[in-house]
Amino acid sequence: MTRILVTGGAGFIGTHVVAALHDAGHHVSVVDCGHPGAHREPLKDTVAGAPLHRVDLRDRAALAGVLAGIDVVVHQAAMVGLGVDLGDLPEYVGCNDLGTAVLLAEMARARIPRLVLASSMVVYGEGTYECPRHGPVRPAPRTVADLTAGRFDPTCTSCDAALAPGLVDEDTPLDPRSVYAATKVAQEHLAAAWARQTGGAVVALRYHNVYGPGMPRDTPYSGVAAIFRSALEAGRAPRVFEDGGQRRDFVHVRDVASANLAAVAATGTRGGFRAYNIASGRAATIGDLAAGLALASGGPAPVVTGEFRLGDVRHVVAAPARAAAELGFRAQVGLADGVAEFARAALRG
Ligand code: UD1
């Protein structure tokens with residue numbers, strides 16, 4: 001039996017991770033600060049039977065107390081999403097990077113050698129693209145002029161030709177394009193430095209777009225699945241930005257929990273830092289997701305608005321092969337089944 005501390009264990013993904021680790025027979029405890037960006041209601045005393053300690057990771061002394069006797073830390077705690085505006089910047093860096101720095105320092109002090117880090121596909125920026133004439137292309141951020149004119153797809157940096165989107169693998173250069181993305185890249189780099197200096201093991205899981213039961217209701221920090229689901233629950237049509245053709249990889253939260261279970265095992269067998277896409281490996285458009293949720297919930301059909309957000313990337317779809325080969329992880333929940341369940345599942349208040 002391994003003693004595991006899950007940070008952010010009271011959140012959407014964390015709750016499923018705690019349940020999966022507990023069901024697998026591990027001894028699990030949770031730290032969570034109940035951050036108002038993620039929690040509207042007070043925290044309970046337990047998560048899936050595991051004791052919850054209300055601790056902000058930046059509180060060094062309190063963190064040291066809950067780390068005593070732990071074998072593995074599964075670090076899910078973070079502020080996610082695009083946020084409201086740049087006023088959020090210090091809080092993103094404080095929670096995600098200072099919080100991680102304090103966690104790593106205290107793990108080193110307590111001689112805890114194993115870490116699973118929740119990272120994100122946002123570290124890649126745009127996905128990978130292929131030009132028929134120039135081969136692989138890394139497009140620049142889209143301009144306001146292009147977006148306003150409805151030119152949503154990035155074009156070749158050499159000849160302006162249309163590009164074919166491809167699958168992003170873990171060796172794709174990191175190219176964070178939002179504050180949140182920058183904090184996730186920094187977490188990975190800090191964890192890699194920690195692994196080098198301590199001889200410890202880090203498995204970083206680059207989650208693609210996670211959805212499923214227990215997602216928080218619509219907030220400035222919510223992903224698109226929660227926003228669409230909240231709109232439908234309120235009897236409103238989902239509002240699809242751009243032309244709805246932007247592609248993502250939607251992965252079910254129970255699959256993400258299984259990936260964490262596999263990652264915990266992997267930290268026991270290999271050292272150093274290693275990152276993995278955690279995804280289904282199957283592309284879906286945002287328009288398809290909206291239509292599928294509307295149909296399954298019997299709500300109003302989506303409206304394609306043509307609006308855009310400058311921080312958004314166009315397409316990101318994962319190559320899932322490394323996690324399959326090295327962690328034995330393959331997503332099990334199909335999108336049609338997952339969406340049908342999610343359309344009716346409870347959201348978190
Ligand atoms: C999302 C998360 C990010 C997470 C990543 C991987 C947010 C804001 N983003 O990034 O934190 O790391 O998945 O799991 O949580 N859209 C609409 N209508 C809306 C809202 C969004 O059409 O009402 C579109 C956006 O324009 C975008 C797509 O949906 O094209 C996805 O948006 P979103 O889920 O917010 O961001 P991701 O970049 O996919």
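Ligands are counted one by one from 1 in listed order, and the atoms in each one are counted from 1 as well.
The heavy-atom pair separating Pro132 from Ala162 by the smallest distance is CD-O, 3.6 Å. Across Ser119 and Ala204, no two heavy atoms sit closer than the pair CB-CB, 4.5 Å.
We find that Glu326 and Arg274 are joined by a salt bridge, their nearest charged nitrogen and carboxylate oxygen being less than 4.0 Å apart. Salt bridge absent: Glu188 and Lys184 never bring a charged side-chain N and a carboxylate O closer than 4.0 Å. A salt bridge links Glu242 with Arg142; the closest basic N to acidic carboxylate O contact falls under 4.0 Å.
A heavy-atom separation below 4.0 Å is not found between Phe308 and ligand 1.
Within the listing of ligand 1, atoms 22 (O) sit less than 4.0 angstrom from a heavy atom of Val240. Listed by atom number, the atoms of ligand 1 under 4.0 Å from Arg309 heavy atoms are 20 (C), 21 (C), 25 (C), 32 (O), 33 (P), 35 (O), 36 (O). Near Tyr207, with a cut-off below 4.0 Å to any heavy atom, the atoms of ligand 1 are 6 (C), 14 (O). Using a 4.0 Å cut-off to heavy atoms of Ile227, the atoms of ligand 1 that qualify are 20 (C), 23 (O). For ligand 1, the atoms lying closer than 4.0 Å to a non-hydrogen atom of Val122 are 12 (O). Taking every non-hydrogen atom of Gly223 and a distance limit under 4.0 Å, the qualifying atoms of ligand 1 come out as 7 (C), 15 (O), 34 (O). Per-residue contacts place Tyr180 under 4.0 angstrom from the following atoms of ligand 1 (heavy atoms of the residue considered): 3 (C), 11 (O), 12 (O).
Nearest-residue assignment for atom 29 (O) of ligand 1 (options Leu289, Val224, Thr285, Val256; heavy-atom criterion): Val224. Summarising the contacts of atom 14 (O) of ligand 1 with His208, Arg177, Glu242, the nearest heavy atom is found in His208.
Considering backbone and side-chain atoms together, Phe241 places an N or O closer than 3.5 Å to an N or O of ligand 1.
No side-chain donor-acceptor contact under 3.5 Å links Asp153 and Gln246.
No close placement of the His208 and Phe250 rings is indicated, their centers lying 6.0 Å or farther apart.
The part of Arg239 lying near ligand 1 is the backbone, judged by heavy-atom distances below 4.0 Å.
Ring geometry for Tyr129 versus His315: interplanar angle of 30 to 60°, hence tilted.
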